[in-house]
Each structure stands twice: as structure tokens, then as C-alpha cells.
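Presented below is the structure to which this report refers.
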Amino acid sequence: PPDPGDTYVCCVCLDPPVHPVKLPCNHIYCYLCAKGLVMADNFSVPLCSLCRREFSRDYLGSAAVLHDASQELNDTPPLEVTEAVWQWFYKGNNGWWRFEARNNEELEENYMQGKQSMTTIICGNLYTIDFVTMEQFQTSRPNKKRKIKRDLKSSDCKGVAGLVKRSWNRETPTL
């Protein structure tokens, strides 16, 4: 991953990278923005949006990339929270996943303003968030929906934005 002292900007969202990944061409992206490049077209080879260099569809799933991108996900038990800190989650493969921080802030702001729905960009795609039915879907694919929920930040989850968090209660294998 990049040196925390350096200033980097994601080549897609133009924000400081959240869960940064470096493509083989050395351009840096947020994990979700890079995932959006891979998911953009299931039939073509993904390209760096800056230099147009191809990279493997499996690249983001490599152990090294996942390890580097998930460095911010700690493996400590849920913290005891003295005040209610709210977090937004979406239902995915085998459990609930946290929205990354900037999406979470946007969802919470719109929810607290009493909006019934909102649109936001996730993985380079426009999503509709429906607070009435508590569902999200790609705006271009309204029939493929996922459940969402608002719960305490300390609630159990699989990880953040598709990055699996390390389990704090895992047992160390004995040799």
C-alpha cells in the first residue's frame, strides 16, 4: 500500500483512496473503485482508467491485494460503545457487510433528513437506496435488490465493502 505520509488520489473518484489498492501499472484506487472497473463488463479484460493498461479479472482477489486493502480492518473484538453510533449495512453473501465510511455518512445524512430514497455511486455504479423498503439496487437493474439495515456500529458483520475482516475470536492452529 502507499506510504500514509504521501498524498494519493483515487483515479476514479478523485478522493483519497479508501482501502487503497495498487494496480499492476502502479496507479492507486479505492478498493471499491477498482472493483467497479472489474465489474463494469463481465466479458472484457478490465483496464486501468488512467493508463488503459489491462489487468487480470482475478487481480483484486489475490491474497496480497486483499491483505493490503484490508489493513484498516482490525481484528479486535467489537468495542464497548458508550453512545449509540449508527452504521449502515447491506446483506450480501452469508451475512451483513458494512458500507464504507463515506457511503455510510451519506446514507445516514439522507436518512436523518427524512428522505424516502436517495441515489449514490458505489463501485462505479449508480445505486438507489430505498429507506422505506430498506433495500438497495443498481438503478439500471431495479429487480436485483439487496436488503439494507441501520444498526449499531458494534454489530457483528462479515467485513466492509466486500473486504472480509479478520475474525477476532479465531483460534490459533496447534502444530
Side-chain angles (χ1 to χ4, degrees), residues 8-23 25 27-62 65-66 69-70 72-73 84-153 155-165:
Y8 286 92
V9 174
C10 171
C11 301
V12 172
C13 67
L14 304 178
D15 284 331
V18 177
H19 309 296
V21 296
K22 187 185 290 187
L23 295 184
C25 60
H27 290 120
I28 297 171
Y29 291 82
C30 301
Y31 177 78
L32 276 183
C33 291
K35 191 174 171 183
L37 295 175
V38 172
M39 295 171 53
D41 183 351
N42 288 331
F43 303 106
S44 66
V45 177
L47 302 171
C48 171
S49 60
L50 199 58
C51 69
R52 311 306 287 166
R53 181 174 167 192
E54 295 180 353
F55 64 97
S56 164
R57 296 189 75 72
D58 308 359
Y59 180 75
L60 294 180
S62 73
V65 170
L66 291 173
S70 64
E72 298 168 14
L73 303 178
V85 178
W86 296 103
Q87 173 70 46
W88 285 90
F89 298 85
Y90 64 91
K91 186 140 189 176
N93 293 335
N94 303 318
W96 291 95
W97 296 80
R98 282 187 194 165
F99 280 92
E100 68 176 27
R102 61 184 164 197
N103 294 123
N104 186 69
E105 290 170 12
E106 186 180 14
L107 268 72
E108 185 66 11
E109 180 180 315
N110 281 271
Y111 179 79
M112 293 306 291
Q113 290 174 1
K115 294 186 178 175
Q116 293 189 352
S117 66
M118 62 171 277
T119 55
T120 190
I121 295 178
I122 302 173
C123 278
N125 293 295
L126 190 61
Y127 275 79
T128 298
I129 308 293
D130 188 326
F131 295 117
V132 176
T133 61
M134 296 300 274
E135 295 174 325
Q136 73 167 18
F137 55 89
Q138 281 187 32
T139 306
S140 64
R141 300 171 68 191
N143 294 326
K144 187 175 180 184
K145 298 180 180 182
R146 284 188 170 167
K147 290 289 183 190
I148 62 170
K149 71 176 182 175
R150 181 178 183 252
D151 205 342
L152 291 176
K153 189 170 188 168
S155 297
D156 192 34
C157 68
K158 301 286 288 182
V160 177
L163 290 167
V164 177
K165 71 177 182 176

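Note that the structure is a prediction, hence the values are computed from the model and not measured. Count residues from 1 along the sequence.
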Note to self: For Glu135, is there an ion pair with Arg146 - N to carboxylate O distance below 4.0 angstrom?
What the structure shows: no
In this structure, CG of Asn103 is separated from OH of Tyr90 (nearest 0.5 Å) by 9.5 Å
When rounded to the nearest 0.5 Å, the distance separating OG1 of Thr119 from CG of Asn110 is 8.5 Å
Residues Leu47 and Phe55: closest non-hydrogen pair is C-CE2, 3.7 Å
Residues at least two apart in sequence or cross-chain that pass salt bridge (charged side-chain N to carboxylate O under 4.0 Å, His left out) with Glu100, listed by chain then number, are Arg102
Smallest heavy-atom separation, Tyr59 atom then Lys22 atom, equals OH-O, 2.5 Å
- Please assess Leu32 against His19 for the test side chain to side chain contact (heavy atoms under 4.5 Å, CB included), listing each intermediate value before the final yes or no. CA-CA 8 Å; Leu32 276 183; His19 309 296; over 6 Å; no
Is the backbone N or O of Val12 less than 3.5 Å from a side-chain atom of Ser49, with the two atoms forming a donor-acceptor pair by type?
no
Margin query: Determine whether a donor-acceptor pair (N or O, by modelled atom type, separation under 3.5 Å) exists between the side chain of Gln87 and the backbone of Ala101.
Written below: no
With a 4.5 Å limit on heavy-atom distance, are the side chains of Tyr127 and Gln138 in contact?
yes
Scanning both residues in full, the closest heavy-atom pair of Cys30 with Pro17 reads SG-CA, 3.6 Å
- Please work out which of the three classes, parallel, tilted or perpendicular, describes the rings of Trp88 and Tyr111, given edges at 30° and 60°. perpendicular
**Q.** Flag side-chain contact, heavy atom, 4.5 Å: Val38 against Pro46
**A.** yes
Partner of Gln136 under side chain to side chain contact (heavy atoms under 4.5 Å, CB included), picked from Thr128, Asp130, Thr120, Ile148, is Ile148
Minimal heavy-atom distance between His27 and Cys48, with the atoms involved, is ND1-SG, 3.4 Å
When rounded to the nearest 0.5 Å, the distance separating NZ of Lys149 from CH2 of Trp96 is 5.5 Å
For Ala34 and Tyr29, the nearest pair of non-hydrogen atoms, with its separation, is CB-CB, 3.9 Å
One should read off an interatomic distance between Ile122 CD1 and Glu106 CD, to the nearest 0.5 angstrom, of 8.5 Å
Value for OG (Ser155) from CZ (Phe89), rounded to nearest 0.5 Å, stands at 4.5 Å
Flag the pair Asn104 / Arg98 as yes when at least one side-chain heavy-atom distance between them is below 4.5 Å, and no otherwise. no
Here the gap from Arg150 atom CZ to Met112 atom CE, rounded to the nearest 0.5 Å, amounts to 5.5 Å
